[in-house]
2 protein chains.
Amino acid sequence: MELQPREIGVLTTLIEDYIQTAAPVGSRTIAKKSNLNLSPASIRNIMADLTEKGYLEQPHTSAGRIPSAQGFRFYVDTLLKYHPLSPEQRNQLTENMGDSRLDVSELLRNASRLLSAYTRQVSMVLAPKASNIGFKHIDFILLKPGLAMSILVVEGGIVRNKIVSVEPELGTDDLVTYSNYLNQLFQGRTLDQVRAKLLQEMDAVQREYQAISQQALVLAQQVFNGGGEREVYVEGTVNFFTHPEFANPAKIQELLRMLEERTCLLELLDKVSKPEGISIIFGREDDQEGLQEFTLISSPYLGQDDPLGVVGVIGPIRMDYAKVVPLVEFTAQVISQLLRNRF
Amino acid sequence: MELQPREIGVLTTLIEDYIQTAAPVGSRTIAKKSNLNLSPASIRNIMADLTEKGYLEQPHTSAGRIPSAQGFRFYVDTLLKYHPLSPEQRNQLTENMGDSRLDVSELLRNASRLLSAYTRQVSMVLAPKASNIGFKHIDFILLKPGLAMSILVVEGGIVRNKIVSVEPELGTDDLVTYSNYLNQLFQGRTLDQVRAKLLQEMDAVQREYQAISQQALVLAQQVFNGGGEREVYVEGTVNFFTHPEFANPAKIQELLRMLEERTCLLELLDKVSKPEGISIIFGREDDQEGLQEFTLISSPYLGQDDPLGVVGVIGPIRMDYAKVVPLVEFTAQVISQLLRNRF
DNA sequence: GACTAGCACTCTCTCGCATCGAGTGCTAAA
DNA sequence: TTTAGCACTCGATGCGAGAGAGTGCTAGTC
């Protein structure tokens with residue numbers, strides 16, 4: 001079942017032409033574009049073989065061939081040569097990404113926008129998962145009697161706010177006392193560990209009737225329960241319209257719905273959130289709902305060492321992988337680096 | 001140029017039918033649907049008059065009529081009877097909006113989602129303008145030597161974070177001193193006043209060489225300069241596809257581009273950010289780019305008394321105003337109320 | 001004088017049909 | 001093994017006839 005050099009040659013030219021034109025490719029075109037010096041008739045024989053082996057498909061008898069999912073898979077896995085980014089591109093991207101003083105959410109949104117602009121595809125960035133990041137600081141600010149704003153800062157400068165209700169008679173000073181207590185208690189733990197510690201401590205305190213710590217812990221509980229909803233920044237949905245495969249609005253609609261509902265998207269992104277680097281998923285292969293005819297190219301970004309979130313691009317299977325893949329990869333790198341600067 | 005009762009009758013039935021069907025309406029349909037008891041022929045005469053006066057348009061000679069922008073304007077200004085929301089709807093909407101403990105940005109995004117779900121249109125919420133809201137609290141948290149996270153809380157529990165660089169030798173205690181100083185200095189002012197005070201104070205301090213306050217002010221400056229970018233939460237873009245007028249993808253594309261680029265959208269929303277309550281803008285009238293065939297229905301939401309931001313819905317001119325307008329209005333009310341609870 | 005029935009006319013939409021052309025698959029010759 | 005040639009397939013395009021919805025006008029009716 002190994003492919004012969006000539007078959008590989010034909011497959012490569014065909015895929016690359018198809019990526020450019022989005023139309024079925026005929027034998028004549030390949031005969032001209034490839035440097036195999038074969039006549040269309042010979043090419044036709046090879047194409048027939050490739051079709052039989054499952055690398056090509058034929059929309060109808062009298063049309064050219066288009067690559068199958070298997071064909072694309074083979075292409076990206078073994079044939080594809082990436083265009084490395086030029087130093088100017090790298091610099092430009094790094095600079096535009098920004099001002100490292102930005103809020104993390106703004107930074108990620110920025111990254112998503114840039115990626116979408118450079119690739120001319122729809123891009124997405126999954127925000128960090130907070131559970132295994134280190135706790136840094138907690139703070140309470142009295143908004144009005146009985147109501148306070150809690151501010152949780154974790155490593156990397158990621159901030160989460162939540163309104164909490166407090167005993168009406170509490171003043172600013174009490175809140176400072178509480179936060180001091182909690183900061184000391186949680187120092188040096190990850191958020192997961194903080195949650196565990198919290199439970200354990202509440203148990204202990206309940207037995208000992210320490211009013212101050214008890215109240216503080218109740219506040220902390222309000223902050224730490226729930227949470228965990230991860231933001232996804234999706235940008236460039238307009239780009240769906242620039243691809244000829246979306247002449248059919250129903251397809252865009254399906255995909256847009258998926259992007260908006262988030263749950264399905266979150267699952268998908270979570271799946272690729274492993275430290276293995278770039279990942280390319282074809283909708284047709286994985287049978288993901290809503291991702292029928294599309295490809296998701298994604299790469300995780302790292303905090304210290306383990307993956308925090310994912311950056312990716314979604315587009316038609318027919319995509320300029322040679323260009324897009326390095327862009328996704330580099331964007332992930334830049335994000336990692338910018339975040340690392342803050343630890 | 002006043003319209004006669006019969007003309008109004010015809011116009012109303014025609015518009016309401018058009019809102020349902022999205023197709024040109026003929027005389028026969030109106031004869032049946034209106035309760036005027038006139039024959040199609042008479043209706044035709046009236047329609048001819050209405051066309052002459054500019055309330056109706058005729059796509060081509062042998063088609064029915066569709067309402068012109070002027071026709072719609074007249075309809076929404078004088079004929080439209082809103083369907084008030086049922087108490088159940090109100091309760092449901094209020095409950096789903098939330099948990100008032102949410103972060104403001106989450107609250108607004110929620111509101112946008114709900115509005116889009118209820119109206120089946122594309123919805124948007126413009127985040128509060130921070131300049132004339134009261135300063136509440138500022139805080140600095142050391143991330144690592146030389147780098148701190150600043151946290152600015154303003155009235156209503158709106159929080160803004162920004163990374164600031166600090167002198168490398170500063171410790172946590174120094175930052176506490178600074179924030180105490182600044183909190184005292186800015187207490188009771190609006191953000192605009194804070195900015196003014198900041199400039200004034202820097203001037204004074206420079207002359208007096210007070211090291212502590214000088215450093216604190218430099219930090220504050222990092223926090224307060226720039227900023228001011230207002231978020232817009234757009235939800236439900238999928239809904240564009242459910243309207244027959246968008247069979248033409250080019251139209252959706254144009255509009256999506258506007259929604260994504262934000263600048264144009266921000267301008268537009270800023271325009272309607274006055275305390276006058278509900279506002280209905282027809283794209284055709286105002287000649288807004290990208291808003292050619294659409295209507296923007298919007299209503300500001302209030303903080304204490306003055307408008308903070310805007311909530312709105314964008315859709316085809318042919319929209320179920322009777323249902324959508326009250327929904328937009330009520331959503332704005334709920335947001336106002338939820339925010340007010342926090343002051 | 002207001003309303004309506006009737007009729008000719010207009011214009012779009014939808015078919016069915018023929019044609020075109022890109023591309024294939026097969027065969028036979030180089 | 002390669003290639004030239006040829007019949008064949010099938011979608012795309014274009015054209016014309018016919019249907020259908022709707023109008024505008026005229027003449028007749030209450």
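Letters go in sequence order (proteins before strands), and every chain restarts at 1.
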| message | Please report the distance, rounded to the nearest Å, between CD1 in A:Ile46 and C1' in D:dT2. | response | 11 Å

| remark: Taken in chain and number order and not counting sequence neighbours, the residues that satisfy side chain to side chain contact (heavy atoms under 4.5 Å, CB included) with B:Ala48 are B:Arg65

| query | Using 30° and 60° as the class limits, which term best fits the ring planes of B:Tyr321 and B:Phe282: parallel, tilted or perpendicular? | reply | perpendicular

| field | Whole-Å gap separating P (D:dA21) and CZ (B:Arg65) | value | 18 Å

| Matching residue for B:Val232 among B:Leu259, B:Leu265, B:Val125 - test: side-chain contact (heavy atoms from CB on, under 4.5 Å) | B:Leu265

| note | Whole-Å distance, B:Arg44 CZ to D:dA21 C1', equals 11 Å

| request: Enumerate the residue pairs fulfilling salt bridge (Lys or Arg N to Asp or Glu O under 4.0 Å) with a member in residues 3-18 of chain B, sequence neighbours excluded, ordered by first and then second residue. | output: B:Glu7-B:Lys53, B:Asp17-B:Lys33

| remark: Tightest non-hydrogen contact, residues A:Leu114 and A:Leu93, listed as CD1-O, 3.9 Å

| query | Got a donor-acceptor contact below 3.5 angstrom from the B:Ser123 side chain to the B:Ser112 backbone? | reply | yes

| Main-chain N/O of B:Leu269 paired to B:Ser273 side chain as donor or acceptor, under 3.5 Å | no

| said: I need a per-nucleotide contact map over nucleotides 8-19 of chain D, read 5' to 3'. Cutoff is protein heavy atoms under 4.0 Å; write B for the base, S for backbone only, - otherwise. | reply: -BBS--------

| request: Examine distances only and state if a side-chain atom of A:Glu329 and a backbone atom of A:Ile278 form a donor-acceptor pair shorter than 3.5 Å. | output: no

| request: Using the test side chain to side chain contact (heavy atoms under 4.5 Å, CB included), find all partners of A:Gln92 that sit at least two apart in sequence or belong to another chain. | output: A:Asn96, A:Tyr118

| said: In the structure I gave you, are the side-chain heavy atoms of A:Pro67 and A:Leu14 within less than 4.5 Å of one another anywhere? | reply: yes

| task | Using a cut-off of strictly less than 4.0 Å between a heavy atom of the residue and any atom of DNA chain C, enumerate the qualifying residues of residues 4-17 of chain B by number. | result | B:Arg6

| message | Taking 4.0 Å as the cut-off, does a side-chain nitrogen or oxygen of A:Ser42 come that near to OP1 or OP2 on D:dT3? | response | yes

| task | With a 4.0 angstrom cut-off to heavy atoms of chain B, pull out the first and last contacting nucleotide of DNA chain C, in 5'-to-3' order. | result | C:dC3 to C:dT12

